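In what follows, a structure is listed as structure tokens, so that the remarks can point back to it.
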Amino acid sequence: MLLNPRQQEAVRAITGPVLVLAGAGSGKTRVITEKIAHLITRCGYPAKHIAAVTFTNKAAKEMKERVGQTLGREYTRGLTVSTFHTLGLTIIKKEVTQLNMKAGFSLFDDQDSLALLNALTEPELDGDKELLKRLQHKIGQWKNAMLLPDQALAQAQTDDDKLFAEFYRRYQQNMRACNALDFDDLILLPTLLLRTNDAVRQRWQQKFQYLLVDEYQDTNTSQYELVRLLVGQQANFTVVGDDDQSIYSWRGAQPQNLALLQRDFPKLQVIKLEQNYRSHGRILKAANILIENNPHVFEKKLFSEMEYGVPLRVIYGRNEEHEAERVIAEIVRRRFLERTPYSQFALLYRGNHQARIFEKALIANRIPYRMTGGQSFFARAEIKDMMAYLRLLVNPTDDTAFIRIINCPKRGIGPNTVERIGELAHELHTGLLEAANHQALKTRLGAREFQSVQYFCQLIQRCARRCDHQPEAASALFDLLKTIGYEEWLYETSPSVSAAEMRWKNINELMRWVSDMLKGDAEHEPLSLADTVAKLCLRDMMSRQEEAEQGDQVQLMTLHASKGLEFPHVFMVGMEEGLLPHQSSIDENMVEEERRLAYVGITRAQQSLTFTMAKERRQYGDTLRPEPSRFLFELPQDDLEWEEQTIATEAQQEQTRLSGIALLRKAMED
DNA sequence: ACGCGCCGAATTTTT
DNA sequence: TTCGGCGCGT
């Protein structure tokens with residue numbers, strides 16, 4: 001299909017700064033990929049001088065694929081399509097010496113940095129999880145605002161802030177000692193370096209002569225600054241975004257960055273993509289009218305040339321179980337009557353806890369479903385263990401990794417022994433592993449403990465040395481895994497055999513990625529172990545296995561997780577004051593972002609949209625009678641069918657339930 | 001190794 | 001209020 005006039009305009013605007021305001025379903029990924037193709041084939045930009053930046057690996061991967069399809073792989077060689085964090089990492093790796101860092105640094109995820117913060121604030125905070133989270137969040141805010149510890153301290157108003165700034169200083173000091181970076185550092189360090197070092201900045205401006213940024217409304221201050229520094233005076237760039245889909249401000253995203261562009265680049269060309277190719281007219285109308293309740297810097301109104309479609313519906317359950325039952329009865333009915341496959345239905349909710357009741361009902365009715373989100377692969381204990389081994393191999397000063405695995409699997413090294421090692425490390429100004437390997441430890445530990453520690457150090461060192469010879473690295477890792485007896489340990493400590501099997505399977509999955517990345521393939525150079533580990537930390541695996549084969553399953557996810565996706569039939573559940581908008585957002589005057597969240601949900605729907613709610617909802621042990629969400633009243637009532645609010649008799653309710661089940665029986669006989 | 005008992009969660013989480 | 005996870009004790 002041809003690009004529409006606005007899309008063409010967006011693709012062809014190649015001189016100077018361009019902002020593409022891309023409404024939901026307006027084909028923005030297509031515009032970005034076409035634009036990259038246009039830059040390469042028509043404008044003489046070599047691929048290696050173009051960078052496209054996204055927020056997720058998934059988006060980066062999709063974009064890479066689509067550019068490859070459009071142009072053919074040979075034209076895309078050298079093209080940079082990566083996440084902000086991977087781009088930051090690329091710059092840091094090239095500029096390690098400028099940054100006074102050693103190669104083979106570790107990347108800490110949120111859990112790792114929380115563990116470090118816990119250790120650093122031991123006496124003062126005493127492991128208070130609530131406070132630690134707040135501290136971590138605060139440090140993140142400072143980093144995103146590009147404030148270093150002493151600047152944070154200088155700015156601190158309250159005593160609390162001063163204390164937190166002091167912890168921030170300790171944290172950074174320790175991170176440096178461990179040669180470790182957190183995710184925010186991946187943006188902050190390159191930004192500060194580019195800002196202060198003219199030669200480095202020029203080098204990177206030379207490298208990236210054209211920059212494209214996706215989901216621009218989700219950038220934070222340091223990310224925007226990085227963009228500004230990279231594009232320089234030339235300002236040849238395109239950012240694509242939609243202020244109405246900004247739903248991550250609680251994570252530091254600054255949707256104001258869209259408006260700031262106009263201030264910082266007066267020549268900014270603004271192009272709006274308002275034609276929607278996804279949803280029926282009624283759904284778009286509802287979305288437009290809802291979002292008009294928010295203030296806007298840029299006016300935007302989506303339109304569709306598709307049919308007007310069926311009315312939006314609002315249905316009730318007498319409580320949350322009944323709500324779930326009714327949704328399921330509805331799905332079963334439509335599957336049966338209209339032959340709609342399960343996979344065309346999506347259930348969207350505000351909070352993960354809401355999923356449980358729907359899950360239960362789906363299981364009870366044997367309806368296949370897929371829940372996205374939840375505990376991620378990398379949050380699993382066995383994966384964290386293995387990653388800690390990998391990190392320690394690459395970076396012997398990674399004390400967080402050392403502490404995690406020193407006694408895992410159990411090898412008779414208890415907290416006391418670790419304490420002794422810590423003391424020695426402190427005296428010698430070294431990392432824990434080096435201290436553990438020091439002869440001075442002999443006099444401080446019992447013979448057994450000393451021997452255990454020695455054995456562990458030798459294991460790590462031997463393996464690390466073997467890993468230096470690239471071809472041997474993978475087998476060295478497998479040998480290590482064997483030697484420490486991790487599989488046996490899993491079977492000993494898991495609550496069930498099947499749990500152990502699951503965990504061991506996960507370990508093997510990880511090991512497969514590692515060995516694939518070490519080996520490389522037709523499209524990927526073989527990577528060093530250090531690069532492999534870094535990529536894994538950023539969840540940036542090559543050939544990340546295709547999302548487990550998607551059968552015919554009902555889709556369950558949070559509204560946040562649904563951004564960017566589309567479904568023929570959408571149920572937005574729990575449409576109640578207190579849930580959406582969420583109570584704490586109401587309390588903090590953050591209803592506009594909740595409205596955007598509702599907007600995101602509505603614009604996921606292609607053909608039909610159903611809002612559901614419960615008349616009664618149990619919470620904290622008492623029972624609430626929530627009001628319908630204010631957003632329902634903001635929608636065009638002519639397009640909304642409210643179910644009659646008659647109070648059904650028990651008999652009628654039972655009838656509804658039974659007819660649902662009867663339909664199910666029939667469906668299962670198919 | 002297993003079981004019991006207590007405590008915490010209850011908003012969203014791209015890296 | 002309830003459920004699940006974790007930690008400790010036998």
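Labels below follow one simple rule: chain letters A, B, ... track the order of the sequence lines, proteins then strands, and each chain is numbered from 1. Computation of the quantities below employed the complete heavy-atom set of this structure, encompassing side-chain atoms and omitting hydrogens, waters and symmetry-equivalent molecules. If you're wondering where the values come from, they're calculated on a predicted model, not measured in any experiment.
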Residues A:Q217 and A:E215: side-chain donor-acceptor under 3.5 angstrom:
yes
B:dT15 P sits how many Å from A:D109 CG, rounded?
12 Å
How many whole angstroms separate atom NZ of A:K143 from atom P of B:dT15?
18 Å
To the nearest angstrom, the CG-P distance between A:D214 and B:dT15 comes to 13 Å
Considering only atom P, compute the distance from B:dA10 to C:dC6 and round it to an integer number of Å.
14 Å
Do A:L538 and A:F183 have side chains that get closer than 4.5 Å, going by heavy atoms?
yes
Consider only side-chain N and O atoms of A:D182 and A:Y171, and report whether a donor and an acceptor are under 3.5 Å apart.
yes
Heavy atoms, side chains only, cut-off 4.5 Å: are A:W489 and A:D385 in contact?
yes
Looking only at atom C1', what distance separates C:dT2 and B:dT12, rounded to whole Å?
23 Å
List DNA chain C stems (3 or more consecutive Watson-Crick/G-U pairs, under 3.5 Å)?
B:1-9 with C:2-10
Just by distance, no angles: are the side chains of A:T83 and A:H85 close enough, under 3.5 Å, to form a donor-acceptor pair?
no
NA contact type, A:R618, heavy-atom cut-off 4.0 Å: base, sugar-phosphate, or nothing?
nothing
Picking from A:Q354, A:E323, A:E320, what satisfies side-chain hydrogen bond (donor to acceptor under 3.5 Å, both in side chains) with A:R617?
A:E323
Are the side chains of A:W204 and A:I91 in contact, using a 4.5 Å heavy-atom criterion?
yes
A:T191 and A:E225 side chains, donor-acceptor separation under 3.5 Å:
no
A:R617 CZ to C:dT2 P: how many Å, rounded?
17 Å
I'd like a table of atom pairs between the protein and nucleotides 7-14 of chain B - only N or O on both sides, under 3.5 Å - with the distance next to each one.
unit_1: B:dT11; atom_1: OP2; unit_2: A:H582; atom_2: NE2; d: 3.0
unit_1: B:dT11; atom_1: O4'; unit_2: A:H582; atom_2: NE2; d: 3.4
unit_1: B:dT11; atom_1: O2; unit_2: A:R350; atom_2: NH1; d: 2.9
unit_1: B:dT11; atom_1: O2; unit_2: A:R350; atom_2: NH2; d: 2.3
unit_1: B:dT11; atom_1: O4; unit_2: A:S584; atom_2: OG; d: 3.0
unit_1: B:dT12; atom_1: OP1; unit_2: A:N352; atom_2: N; d: 2.4
unit_1: B:dT12; atom_1: OP1; unit_2: A:N352; atom_2: ND2; d: 3.2
unit_1: B:dT12; atom_1: O4'; unit_2: A:R350; atom_2: NH2; d: 3.4
unit_1: B:dT12; atom_1: O2; unit_2: A:W250; atom_2: NE1; d: 3.3
unit_1: B:dT12; atom_1: O2; unit_2: A:R350; atom_2: NH2; d: 2.3
unit_1: B:dT13; atom_1: OP1; unit_2: A:T558; atom_2: OG1; d: 2.9
unit_1: B:dT13; atom_1: OP2; unit_2: A:N352; atom_2: ND2; d: 3.3

